[in-house]
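Note on naming: letters A, B, ... go to the chains in the order of the sequence lines (proteins, then strands), and numbering restarts at 1 for each one.
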Amino acid sequence: MPEFRLYNTLTRRVEPFAPADGHTVRMYTCGPTVYNPAHLGNFRTFLFEDLMRRTLKLAGWRVEQIMNLTDVDDKIIRKAAALGTTISHVTEPFTELFHQDRRYLRIEDAEGYPKATAHIPEMVALVERLIAKNVAYEAEDGSIYFAIDRFPNYGHLSQLDKRELRTGARVAQDEYAKENAQDFALWKAAKDEDEATGAAWDSPWGRGRPGWHLECSAMAMKYLGETFDLHAGGIDLIFPHHEDEIAQSEAATGKTFARCWCHGEFLLTDGAKMAKRVGNVANVVELREQGISGTVYRHFVFNAHYRKQLNLGEDSLEQSRAAVRRIGTFAKRLAEASGGTEALVAAASKAEHAFIEALFDDLNAPEALAALFTFITDANRELDTGGTDVAALDRARAAFRMIDGVLDLVPEQEADAELAAWVEERIEARNAARERRDFGAADAVRAELVARGVSIEDSAQGTRWKRL
RNA sequence: GGCGCCGUAGCCAAGUGGUAAGGCAGGAGACUGCAAAUCUCUCACCGUCGGUUCGAUUCCGACCGGCGCCUCCA
């Protein structure tokens, strides 16, 4: 096995990675804020994290992944207030939708999906520790802030020390009172709106609610320990979210928070960042409605490296659909084959090596995909020769299983019994027509099938069909 | 203004100091009653201009173009 390497945002370099204890990778991934459907950009990040966990397992490690669900924040409260309801009424359906969408995209279950609102005591305790260490202070309104100038390492992750902060409109307009404009809220004093929507809890500083960054520190440390292996998220979270997580966690414990930080680049739509406020979001429900399978989107995402921006253009998904179709056809062929050749074994080994080499080199999925397609070409050529070596075929199947166990790109063969019976009957009729060389009738049947979205293939073993 | 990323074929996209993976689309051929699938072959002046080097798409600089972050956005 080659060495597993990852790009670490802390050092801005690709470096060897292994879990601290040698067998379990403790990984924290920032999850969605559940106040609307997560869009395809969000899912690009979650897909990158799915690739990460599957690759880590391929490397022989166990994975303990925690993904938080942010179920209390400004936007949720605003929405609940507008609807005259509580935040949980807003977040519950979207939490359910998130998991549905996630499954549609075949994103593996994390080991835990803790909610912020279920960890208020842990967060309060963390704030108390920070106050005790004198790095947090209470403002006049009862909110608690983290004083960034009392944490010398502040800005390391985002290289803030090297940049000039623009003291512009956004900072000046902050709604809360604080000592330094750049200090961030750990705990926000409750406002009427918070109380009305069920977004306020008791604390030593009165009623209030947690700041956004606090939940991740509290939950990560609760489930993964004060120091853990890997923290991942979208690139936009580097600053301020992850910077603040580091500050509050390390200030409290005096220990390294996450050993390695990984960030996925953005998904763009027609050249612009996919975001609600840009108005160019697309989500998984729309994918489903357009009949675009989860595997197609997986292919589209994995076809580019996770640290490069990826544009969702006109026919991106069409191209991926064709690529995935090819993989599906091959999977079926491999399953139905009866034997292989020596060269097939060689192709399988070559593919496995190339695949692992690519993924272990900072999750180079495009190159891993290339290894898969090269294997498909090589294996098809061998299968064409009609080899009879059963062990060789098993070897090829094992290689394909290993590869697809990570990429998970074989489209589902949905079994619709009624359709299948009808199709079988039509195919028989067509073959009868072909027997008597009545090709006009045969083509008419094929047209009938195509009209119902079924394509057929004649082969030496008979006629096969599939849904388009 | 500060920080960072990117510019490779019609499209998507890897990669390397010694003349460039893979996918989609296209072209030619094999197979087929015709198709489809599959197989074979084919398809690149690596943004521009300088510099370093025996040699650069790959390193350095400038420029042009695109994108992102700079307090709550994956």
Side-chain angles (χ1 to χ4, degrees), chain A residues 12 29-33 38-49 70 73-75 158-168 170-171 173-174 181-185 211-213 232-241 243-244 263-268 271-278 299-300 303-305 307-327 329-330 332-333 354 358 364-374 376-377 380-385 434 437-439 442-443 446 450 455-460 463-466:
Chain A
R12 310 265 160 168
T29 49
C30 288
T33 300
H39 59 65
L40 294 182
N42 299 314
F43 277 109
R44 182 191 182 191
T45 298
F46 303 144
L47 241 16
F48 138 62
E49 291 158 354
T70 298
D73 94 321
D74 291 354
K75 288 178 298 251
S158 56
Q159 304 193 340
L160 194 71
D161 46 322
K162 289 205 312 201
R163 59 170 118 171
E164 184 181 285
L165 262 188
R166 185 190 218 173
T167 46
R170 293 175 81 172
V171 173
Q173 281 170 7
D174 198 281
Q182 288 151 40
D183 289 348
F184 59 90
W212 174 39
H213 318 300
I235 194 167
D236 55 331
L237 298 185
I238 293 175
F239 187 86
H241 188 55
E243 195 69 71
D244 292 351
H263 295 94
E265 254 293 356
F266 274 126
L267 176 71
L268 312 179
K273 170 180 173 178
M274 180 177 282
K276 256 267 159 140
R277 62 168 192 261
V278 181
H299 173 89
F300 168 68
N303 196 222
H305 188 90
R307 283 194 289 114
K308 277 203 174 170
Q309 291 179 347
L310 173 61
N311 187 241
L312 179 62
E314 260 320 295
D315 39 45
S316 310
L317 295 176
E318 276 316 307
Q319 294 185 4
S320 286
R321 194 206 289 272
V324 160
R325 190 183 301 139
R326 177 143 184 244
I327 295 170
T329 301
F330 174 72
K332 206 168 168 204
R333 185 171 188 203
N364 193 332
E367 210 163 273
L369 267 174
L372 169 59
F373 279 105
T374 300
I376 289 176
T377 299
N380 270 324
R381 190 187 309 119
E382 288 311 309
L383 293 175
D384 275 353
T385 67
R434 292 172 72 212
R437 307 194 64 79
D438 182 355
F439 298 120
D443 286 347
R446 180 161 58 201
V450 168
S455 80
I456 53 177
E457 289 170 30
D458 295 324
S459 75
T463 301
R464 281 199 297 255
W465 66 277
K466 65 182 177 189

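The partner of B:C39 is B:G29, by the rule that a Watson-Crick or G-U pair needs both atom distances under 3.5 Å.
Residue-level contact check: A:Thr377 touches the backbone only, with heavy atoms under 4.0 Å from sugar-phosphate atoms and none from bases. Using a 4.0 Å heavy-atom cutoff across all strands shown, A:Ser316 reaches no nucleic acid atom at all. Using a 4.0 Å heavy-atom criterion, one finds that A:Leu310 contacts the sugar-phosphate atoms exclusively. Residue contacts shown for A:Gly233 are limited to sugar-phosphate atoms, with no base heavy atom under 4.0 Å away. If you check every strand for non-hydrogen atoms under 4.0 Å, A:Arg446 touches a base. Residue A:Asp315 is classed as a sugar-phosphate contact, given heavy-atom separations below 4.0 Å to backbone atoms only. The residue A:Arg464 sits apart from the nucleic acid: no heavy atom pair falls under 4.0 Å.
Note: A:His241 and A:Trp212 have parallel aromatic rings, judged against thresholds of 30 and 60 degrees for the angle between ring planes.
Under the stacking definition used here (centres under 5.5 Å, planes under 30°), the residue A:Phe373 fails to qualify as stacked on the base of B:G22.
Here the separation of B:U8 from B:U52, taken at their P atoms, is 27 Å to the nearest Å.
Ionic pairing of A:Asp443 and A:Arg446 is present here: one or more N-O contacts between side-chain nitrogen and carboxylate oxygen are shorter than 4.0 angstrom.
Side chain of A:Glu367 to backbone of A:Ala358: no donor-acceptor contact under 3.5 angstrom is found. At least one donor-acceptor pair closer than 3.5 Å links the side chain of A:Thr377 to the backbone N or O of A:Phe373.
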Show each protein N/O and nucleotides 15-20 of chain B N/O combination with a separation under 3.5 Å, one pair to a line.
from: B:G15; atom 1: OP1; to: A:Asn364; atom 2: ND2; distance (Å): 3.0

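Between the P atom of B:C72 and the CG atom of A:Asp74 lies a distance of 9 Å, rounded to the nearest Å. Taking atom CZ on A:Arg44 and atom P on B:C67, their separation rounds to 17 Å, with Å as the unit. A straight line from CZ of A:Phe330 to C1' of B:C39 spans 13 Å, rounded to a whole angstrom.
Contacts of A:Asp315 classified as salt bridge (Lys or Arg N to Asp or Glu O under 4.0 Å), with partners at least two apart in sequence or in another chain: none. Remark: A:Arg464 engages A:Glu336, A:Glu457 in a salt bridge (Lys or Arg N to Asp or Glu O under 4.0 Å) (not counting sequence neighbours).
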